[in-house]
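The shown structure was predicted, so the numbers you read here are calculated from the model rather than taken from an experiment.
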Amino acid sequence: MAEATGVTAHTLRFYERAELIRPVARNSGNQRRYSSADVEWVRFLLRLRETGMPISQMREYAALREQGPVTTEARLRLLQAHQAGLREQITLLRSHEKALAEKIRLYRNDLTRPADTSTRRHVDTSTERNH
């Protein structure tokens with residue numbers, strides 16, 4: 001499972017303790033035996049985590065999932081709320097990226113202008129260009 005999902009055995013055990021993964025069957029050598037559905041579930045959990053979902057919400061989602069189709073609407077609402085937050089974050093990140101790109105453009109322009117020591121200043125004095 002660790003190899004299939006790219007997470008450590010330690011993380012998998014943590015997910016079990018956090019009740020994100022149901023207890024897994026073991027073979028006669030006491031090794032965990034995961035199914036392909038378990039692999040897909042862990043991959044989905046990783047995606048939720050990578051998109052910033054807190055463990056508490058992941059635990060809530062996992063508990064709802066365990067209850068079956070009767071919780072589909074609740075799971076949908078939880079995922080929709082997470083998606084809305086993710087979209088807000090993406091919008092904010094795009095704004096930050098745009099500001100960084102503009103600052104990079106300004107610095108590149110400064111570096112490509114011919115040096116004129118009488119008019120060119122080495123330290124930006126404007127608030128916009130000083131950061």
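Looking at R43, its side chain does come within 3.5 Å of a backbone N or O of A4 through a donor-acceptor pair. In this structure, R77 contributes its side chain and A81 its backbone to no donor-acceptor pair below 3.5 Å. A donor-acceptor pair is defined here as one N or O able to donate and one able to accept, closer than 3.5 Å; such a pair exists between the side chain of D38 and the backbone of S35. The closest donor-acceptor contact from the side chain of R59 to the backbone of A18 lies under 3.5 Å. In this structure, the side chain of T112 engages the main chain of R108 through a donor-acceptor pair within 3.5 Å.
To the nearest 0.5 angstrom, E60 atom CD is 8.5 Å from M53 atom CE. Residue E97 holds its CD atom at 12.5 Å from CG of L92, rounded to the nearest 0.5 Å. Rounding to the nearest 0.5 angstrom, the gap separating the CG atom in L45 from the CD atom in E50 is 11.0 Å.
The shortest side-chain heavy-atom distance between E102 and K98 does not fall under the 4.5 Å cut-off. Under the 4.5 Å side-chain criterion, counting only non-hydrogen atoms from C-beta, V42 is in contact with L12. Side-chain atoms of E40 and F44, non-hydrogen and from C-beta on, never get closer than 4.5 Å to each other. Under the 4.5 Å side-chain criterion, counting only non-hydrogen atoms from C-beta, Q31 is not in contact with R26. Contact of the R49 side chain with the I55 side chain is registered, since non-hydrogen atoms from C-beta on lie closer than 4.5 Å.
In R105, the CZ atom is crowded: over 12 heavy atoms of neighbouring residues, nucleotides or ligands sit closer than 6.0 Å. Within a 6.0 Å sphere centred on CZ of R22, heavy atoms belonging to other residues, nucleotides or ligands number 12 at most. Annotation: E66, atom CD; neighbour count of heavy atoms from other residues, nucleotides and ligands within 6.0 Å is above 12.
A salt bridge does not link R13 to E16: none of the charged side-chain nitrogens sits closer than 4.0 Å to a carboxylate oxygen.
Cluster annotation: M58 is connected to V39 through the hydrophobic network of ILVMFWY side chains, with a link wherever side-chain heavy atoms come within less than 4.5 Å. F14 and L48 fall within a single hydrophobic cluster, where Ile, Leu, Val, Met, Phe, Trp and Tyr side chains are chained together by heavy-atom contacts under 4.5 Å. There is no path of hydrophobic side-chain contacts, each under 4.5 Å, that joins I90 to L79.
Classified by interplanar angle (parallel below 30°, tilted 30° to 60°, perpendicular above 60°), the ring pair Y61/W41 is parallel.
Closest of all the heavy-atom pairs between A9 and A2 is N-CB, 4.1 Å. Considering all non-hydrogen atoms of both residues, T5 and L46 come closest at O-CD1, 3.6 Å.
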Worksheet item: Can you list the steps and then say if T71 with R65 is a side chain to side chain contact (heavy atoms under 4.5 Å, CB included)?
Response: CA-CA 7 Å; T71 65; R65 178 180 176 259; 5.9 Å; no
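A donor-acceptor contact under 3.5 angstrom links the side chains of T72 and R75, judged on distance only.
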